[in-house]
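Data block below; observations after.
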Amino acid sequence: MNRSVLRRPGWVIGNTLFAAANLVLAVAWSWPIYADRHFLLMSAITGVVAGGIAIGGAIWRLGSATVAVISIAVLTVGAVPLAIPSQAPFGVLPSLEGLRVFATGTVTSWRELATVATLPVGGYRALLVPVYLTFFLTIVVGLSIALRSRRLGALGVFVSCLASVFGAVFGLAVGAFGSVAGMVHVAQAREILLGVCVFLVAVAWLAWRLSYQRRAKLTLVSPGARRARAVTLARRLSLGTAMLFIAIAFGAAAVASSVDNSRVVVRSSVVPVIDATTWTSPLSSFRSYFTDTNYNAQYFSVTGLSGDDRKVRLAVLDSYDGATFHVGQNADGELADRYQLLPGVRAPQGNGDEVTMTVTIDAYQGVWLPAVGEVTSVDFAGDSALDNAVYVGDSTGNVINMAARGSQALGVGAGDSYSYSGVQLVASDAEQSQTLADGAEADVTKETYPQLTEWRARLVAADYDLTTLAGASQAIELLTRSGFLSRGVDVLNLDKSAPAWTVGLPDPQASRAGHSTERIETLFSQLNESGEPLPAPADAGTATVNPTAIGDDEQFATAAALLFQSIGKQSRVVLGFVPEDGSAVYGRDMRAWVQVKLSDGTWADIDATPQSTVAPHKVTTKTNVEQMPTTVQPTLPDVEPPSQVDPAANSDTTASDRPQDTAFAWLRALIRPIAIALLVLVVLASGPTAIIVIKRSRRRERQGRADPGAAIIGGWDELVDRLADSGAVAALTETRRDVVRRTGTPEALAQIADRVAFSRDMPSSADSAAYWADIDAELERLLAHRTRWARLKYALSTTSFVRSIKAGRSIVRRS
């Protein structure tokens, strides 16, 4: 494109308008990611500034290096107020800290955005940096190329479309449903519509560029042809747009009917950096909190915690393998609990009372953050290392911190403090009558757990309804009242002094730690050995019960969870603290309880701490201290207390323990992307294929006309249409003699066509066949020096269709 054309206002305005349309579509694509007014402001300012740089560089003929330097300078200056507003003084000025965050964010914010727990993220931290960089660079580069280059203009259009690709790649993994005429529901309707719009804008942009360039050249050669070319352009664009729309509509319908509502995006493909299934179960360290060293140690303090329910959760453990309760896997070996980065504010999944508290860490150290209810935000008051390392489990709701503490330690430690906000679900009046949700995955059978099965049968015989929350609560209350609290095997220390955990117990008893299948069966065996009839459900909390089972929360919470899983109900174990009073939380406040899932999808807590006021009625020989040296879980590894555990270095499972993929899973994984790719290729090829088929059908119709004279006229029309598609003639204004003069076509071909059209001569079929042979030879001569790419381009041109519509000529028929 020569410089005089580049300086034409129409050229600049047209390309700028198409680039603006692309930016609007890109903003629509990215809106679900941010959904914030500042994102709209950032997009508008970025579009104006970046577009101004590209236009100014083209008008003033600035070199690419100069444009690059200006772009980097402007990009950096505007980064803090536009992409990191929290670091901008007065909201509009850059700052050194903001520039540092921006420099780091250009590398790290992409992954943070891909692993963030929930969308939208608003203006959280530096998560606007990726979209800011994408919009700025695609506008500057794309519009600069589109304005400056004739041959590479298509590349500029492609670069501009990459802004929309950002929203498609980093957006939601589940598309939106839409409906057609209120009846047909289409998965990913919004995504399909936006994709079609981006494609149509790109095609229209390319078509406009080509038309503008041709009009400019034609004006220089034949000024009087401008009006005719304008009409041709309008008709060509109308026909081309209609054909593209039909092809895209059929293709989109085919794709929409073959996919579900889920989409493969970056956040669904990025392998989580956190695999909690390999960590040592924190429940295995339960008794470490009750050693004399840790029993009265202050682990952390909480301000703002109110209400009767003062539970502070550490970890939710949803899987049992016969040895420990831990964060588990799905049946196919995939992670059941994906940990994703927590954005500034996370929308809660339910309604309830807001919880706001401040946690200050003392002796506690670990990755599990004390939490209450469903987390909405965690703020470490400006400590970016801790703020950027908070993750949330999408299944369990566990809140963890993976900040490096030096050496191999991870998580929070002494002196750290954070503000926590969450939502504590409010129990409804009808909650006790709700049924428990089905779907337990643990294999709790009669063959593996005969003692558990026997005690469950006794509950059922006593009319305990284990399928409702009320019945479950009564059963667990009976379980804990039938047990006696014991937190160790040492009833007396070597110096004959009582351990700290025995203070207040009427008759301290020794008991083994652990919660393996054998340990839990021992507990139920002690319950069954009493032989006493069970009280009625209504009297579970008041009837006199002789405690026979010895243990602590670790065993009783596990026993309760397995009891419900044995009837196919969902349950899990929760580890946490229950402060007695005040804000200080000590080691002695450590508890474990059970959660059961209700039919409405919520989880209900049930306390599982055995009673400690009534001394045990009978202690079986399996719990006697004298027999302990040969029975203390020889198959389980030594477990360090939470303050010493490096979650990344411990594993309860190995690769060989994980379920293997089902047969032919690899084949399905291979076929699916191939099938989708083939479907996309078919859709993309449908338009060009239709053009080629229509042209060949048109040629056969012309050559096969019954009237030889009409066939000769058709041969000339075929010649002119092919030449028009190649750009050698002006389709609407050229006469036969004009065609001869412009292309060098033998004059005899034009004379024969004129004689057939305007005289009474009656050509024969042999004349028609000979004429078509000459036409084919002439076309081959004219196109002999064209490249294969040029021939393909001419084969796909729709110029001849517009010519036929405009000319409106009829077939010559003779009687």
Side-chain angles (χ1 to χ4, degrees), residues 282-302 305 308-312 314 362-365 370 476-477 479-515 519 523 526 541 544-559 574-593 607-620 622-628 632 639-644:
L283 187 60
S284 299
S285 303
F286 182 82
R287 289 196 174 179
S288 66
Y289 290 89
F290 297 94
T291 62
D292 285 350
T293 302
N294 298 329
Y295 188 78
N296 291 312
Q298 181 172 324
Y299 275 70
F300 57 89
S301 60
V302 181
L305 188 64
D308 297 334
D309 188 358
R310 300 177 59 83
K311 294 185 178 72
V312 179
L314 269 189
D362 295 304
Y364 176 73
Q365 195 281 313
I476 301 306
E477 187 171 20
L479 173 67
T480 56
R481 294 186 68 240
S482 300
F484 183 74
L485 181 63
S486 174
R487 297 190 174 109
V489 297
D490 293 329
V491 179
L492 294 177
N493 289 328
L494 294 179
D495 59 0
K496 303 304 180 180
S497 63
W501 66 267
T502 64
V503 175
L505 297 181
D507 185 12
Q509 297 289 326
S511 68
R512 289 187 293 146
H515 53 283
R519 180 66 180 90
L523 185 147
Q526 294 171 342
T544 301
V545 178
N546 291 320
T548 56
I550 310 299
D552 56 20
D553 307 40
E554 179 185 359
Q555 294 84 43
F556 279 81
T558 301
V574 183
L575 186 72
F577 295 89
V578 182
E580 295 179 359
D581 52 23
S583 62
V585 178
Y586 300 93
R588 62 177 179 266
D589 297 324
M590 169 59 69
R591 298 289 184 272
W593 58 91
D607 292 335
T609 303
Q611 62 86 30
S612 58
T613 57
V614 180
H617 173 69
K618 179 182 180 181
V619 178
T620 65
K622 293 182 180 181
T623 59
N624 288 338
V625 177
E626 290 76 13
Q627 298 184 16
M628 286 305 300
V632 179
V639 179
E640 301 179 24
S643 59
Q644 303 299 322

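Residues take their numbers from the sequence shown, with the count starting at 1.
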task: Mind listing the closest non-hydrogen atom pair of Pro506 and Ala615 along with its distance?
output: CG-N, 4.1 Å

task: Apply side chain to side chain contact (heavy atoms under 4.5 Å, CB included) to Leu283 and His515, showing your working.
output: CA-CA 9 Å; Leu283 187 60; His515 53 283; 3.6 Å; yes

- prompt: Taking atom CZ of Phe290 and atom OH of Tyr295, what is their separation to the nearest 0.5 Å?
  reply: 7.0 Å

statement: Across all chains, not counting sequence neighbours, the ring-ring contact (aromatic ring centres under 6.0 Å, His included) partners of Tyr586 are none

statement: Separation between CZ (Arg591) and CZ (Phe577), nearest 0.5 Å, reads 10.0 Å

- line: CG (Asp490) and OG1 (Thr502) are apart, to the nearest 0.5 Å, by 10.5 Å

query: Between Pro616 and Asp507, what is the shortest heavy-atom contact and its length?
result: CD-O, 4.3 Å

- prompt: So, do Leu575 and Trp593 sit near enough that their side-chain heavy atoms are less than 4.5 Å apart?
  reply: no

field: Asn296 side chain reached by Arg588 side chain, heavy atoms, under 4.5 Å
entry: yes

message: If I take atom CE from residue Met590 and atom OG1 from residue Thr609, how far apart are they, to the nearest 0.5 angstrom?
response: 11.5 Å

- prompt: Can you check side chain to side chain contact (heavy atoms under 4.5 Å, CB included) on Val302 and Val585, steps first, answer last?
  reply: CA-CA 7 Å; Val302 181; Val585 178; 4.2 Å; yes

- prompt: Got a second to check how far Tyr289's OH is from Arg487's CZ, nearest 0.5 Å?
  reply: 13.5 Å

field: Non-hydrogen atoms of Ser486 and Ala510 that approach each other most closely
entry: OG-C, 3.6 Å

query: With a 4.5 Å limit on heavy-atom distance, are the side chains of Phe556 and Leu523 in contact?
result: yes

field: Residues that Ala297 engages under side chain to side chain contact (heavy atoms under 4.5 Å, CB included), provided they are two or more places apart
entry: Tyr299

task: List in chain and number order the residues that pass side chain to side chain contact (heavy atoms under 4.5 Å, CB included) with Arg287, two or more places apart in sequence or in another chain; answer none if no residue qualifies.
output: Ser511, Ala513, Asp552, Glu554, Gln555

query: So, for Ala584 and Pro579, which heavy atoms are closest and what is the spacing to 0.1 Å?
result: O-CB, 4.2 Å

query: Checking Asp553 side chain against Ala592 main chain: does a donor-acceptor pair fall under 3.5 Å?
result: yes

task: For Val545 and Ser482, work out which heavy atoms get closest and say how close.
output: CG1-OG, 3.3 Å

field: Check: Arg481 and Pro547 side chains under 4.5 Å, non-hydrogen atoms
entry: no

Those residues that, when tested against Thr480, pass side chain to side chain contact (heavy atoms under 4.5 Å, CB included) (two or more places apart): Ile476

task: Would you check if Asp292 and Pro499 make a side-chain contact, meaning some heavy-atom pair closer than 4.5 Å?
output: yes

field: Gap between atom CD of Gln509 and atom CD1 of Ile550 - 0.5 Å precision
entry: 5.5 Å

query: Would a 4.5 Å heavy-atom cut-off, applied to side chains only, mark Ser583 and Phe300 as touching?
result: no

field: Under the side chain to side chain contact (heavy atoms under 4.5 Å, CB included) test, residues paired with Ser612 that sit two or more places apart
entry: Leu485, Leu505

- prompt: Quick check: does any side chain N or O of Arg512 sit under 3.5 Å from a backbone N or O of Arg519, one acting as donor and the other as acceptor?
  reply: no

- prompt: Partners of Asp607 by side chain to side chain donor-acceptor pair (under 3.5 Å), sequence neighbours excluded?
  reply: Lys311

